[in-house]
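Here is the structure we will look at.
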There are 2 protein chains.
Amino acid sequence: MNDRPYHHGSLRTTLLDEAERTLREHGLEALSLRDLARQAGVSHAAPRRHFADRQALLDALAEAGFVRLDDEMRKTIDRTGQDYEARLQAVAAGYVRFATRDAALLELMFGAKNAKDVEPPDTLRAAAERVFTAFGDLIGQGQRAGVLPPGDPERLRLLLLATLQGIAALVTSGRVQPGQVDPLIADAIALFTHRQR
Amino acid sequence: MNDRPYHHGSLRTTLLDEAERTLREHGLEALSLRDLARQAGVSHAAPRRHFADRQALLDALAEAGFVRLDDEMRKTIDRTGQDYEARLQAVAAGYVRFATRDAALLELMFGAKNAKDVEPPDTLRAAAERVFTAFGDLIGQGQRAGVLPPGDPERLRLLLLATLQGIAALVTSGRVQPGQVDPLIADAIALFTHRQR
DNA sequence: ACCTGAACACCGTTCAAGT
DNA sequence: ACCTGAACACCGTTCAAGT
């Protein structure tokens with residue numbers, strides 16, 4: 001512990017990893033720059049070199065979150081076969097799982113509280129964009145497959161995103177049990193595909 | 001300012017009102033007990049008599065939020081006529097308006113971050129319950145009117161709630177413009193009522 | 001019953017100085 | 001280029017004491 005060299009070497013990565021863990025296990029309130037520095041074995045002012053301020057760290061976390069979510073989504077799409085409804089169900093379930101496992105991170109990603117007057121950096125916006133594009137592609141596939149109704153794909157995309165986001169919020173707040181998630185998603189998809197149940 | 005009596009008289013209410021305003025205008029981060037005390041013209045330790053700690057104030061805010069939301073919902077229901085779809089649209093729009101106007105408050109109400117290990121007080125749970133019951137009633141009306149599909153009303157209620165919560169989240173995060181809200185809600189309701197568009 | 005004032009242990013942020 | 005240490009202005013929380 002004390003034989004650490006003067007230069008940490010990978011402080012930025014260490015801070016981000018540790019921050020993501022703290023966020024997941026103890027929430028945003030518990031995330032302190034001084035504490036992260038302590039865990040990394042550097043002085044409290046050292047993080048300053050890598051993150052201008054606390055918000056910069058949070059933005060970096062959000063961006064990494066979008067990158068990971070995008071990754072997971074694309075992997076899920078690759079893994080599923082040609083059955084569109086099964087694919088949609090899998091992607092939706094994956095999204096909700098991410099959102100509930102990393103609820104505090106998702107809040108950061110959707111910036112409810114930081115969006116007061118500060119603009120998110122371009123790299124964060126771009127990472128978010130990629131996720132939304134992936135959702136758009138998924139909608140397009142469904143429409144071409146005739147499983148989703150025709151019409152403005154943008155509206156369908158927003159509606160699907162809203163539904164998943166909402167289901168995740170209900171789980172996070174304890175109003176829906178994790179076991180209810182998959183049937184709830186199936187219900188939601190049934191609405192979209194106009195299959196009566 | 002300085003001619004204030006030793007006993008404030010209505011400190012609790014003053015603190016809550018001021019806190020709600022701060023929450024709306026500057027977000028949760030900006031909410032400090034010491035600052036509230038300062039604005040109320042009392043010492044920083046005075047709020048302690050009314051709120052055991054910061055979390056107790058946040059819980060009280062959340063509870064007041066549920067009470068107000070419940071109030072608004074019931075008023076909206078009373079105001080609308082017999083056209084069920086119009087009523088549903090009005091209630092949904094009202095919910096989303098509340099959620100976007102008081103986004104930080106809604107986060108408190110749905111306790112994403114405080115739900116780490118602390119249990120919310122009974123009064124808060126009860127206030128939340130009343131809102132969810134109102135939603136359940138609304139679903140029941142729709143099913144009896146034959147506008148909503150039959151089947152488990154609980155699932156429909158969760159799905160509707162999730163959709164509205166999700167739409168609000170998209171607005172709050174700036175991914176949906178306020179002007180897009182009403183059409184988006186209309187789209188969502190159309191899905192529920194199985195009207196093709 | 002309600003509020004004050006001092007005290008304690010934390011923060012984020014800044015900046016001159018060290019390696 | 002990267003990190004330290006002291007300093008500053010804030011927090012929430014506690015508690016003896018005042019009215």
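Proteins get letters first, then strands, A, B, ... in listed order; numbering begins at 1 in each. Owing to the predicted nature of the structure, the values given are computational and were not obtained by experimental measurement.
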Taking every non-hydrogen atom, the tightest pair across A:Pro183 and B:Arg155: CB-NH2, 3.5 Å
Look at all strands and tell whether A:Arg12 reaches a base, only sugar-phosphate, or nothing, counting heavy atoms closer than 4.0 Å. nothing
Whole-Å gap separating P (C:dG12) and CG (A:Leu57): 10 Å
Measure the distance from CG on B:Leu11 to P on C:dA1 and round it to the nearest whole Å. 17 Å
Roughly how many Å is it from CZ in B:Arg34 to P in C:dC11, rounded to a whole number? 16 Å
Atom-pair distance (CZ on B:Arg54; P on C:dC11), nearest Å: 15 Å
Test side chain to side chain contact (heavy atoms under 4.5 Å, CB included) applied to B:Met73 and B:Phe98, step by step: CA-CA 10 Å; B:Met73 276 185 64; B:Phe98 180 99; over 6 Å; no
Main chain of B:Thr13, side chain of B:Ser10: is a donor-acceptor contact present, judged purely on distance under 3.5 Å? no
Please report the closest heavy-atom contact between A:Leu33 and A:Pro47, naming both atoms and the distance. O-CG, 4.4 Å
Side chain to side chain contact (heavy atoms under 4.5 Å, CB included) between B:Leu160 and B:Leu88, worked out: CA-CA 10 Å; B:Leu160 176 62; B:Leu88 187 55; 4.0 Å; yes
Quick one: does any side-chain atom of B:Gln143 pair with a main-chain N or O of B:Gly151 as donor and acceptor, under 3.5 Å? yes
Can a donor-acceptor pair be found between the side chains of B:Asp137 and B:Gln141 at a distance below 3.5 Å? no
Greater than 12 external heavy atoms within 6.0 Å of B:Arg97's CZ: no
In dot-bracket form, 5' to 3', how is DNA chain D paired? Count Watson-Crick and G-U wobble pairs only if both distances fall under 3.5 Å, and write | where the partner sits on another strand. ||.|||||...|||||.||
Give the rounded distance in Å between these two atoms: CD of B:Glu29 and P of C:dT13. 11 Å
Figure out the NE2/C1' separation between B:His50 and C:dC2, and round it to whole Å. 7 Å
Spacing between A:Phe51 atom CZ and D:dC3 atom C1', to the nearest angstrom: 15 Å
Detail all sub-3.5 Å separations between protein N/O atoms and N/O atoms belonging to nucleotides 14-16 of chain C.
from	atom 1	to	atom 2	distance (Å)
C:dT14	OP2	A:Arg48	NH2	3.1

Where A:Leu61 and A:Leu16 come nearest, the two heavy atoms and their spacing: CD2-O, 3.7 Å
Send over the distance from A:Arg38 CZ to D:dG5 P, rounded to a whole Å. 14 Å
Counting only side-chain N and O atoms of B:Ser32, is one of them less than 4.0 Å from OP1 or OP2 of D:dC10? no
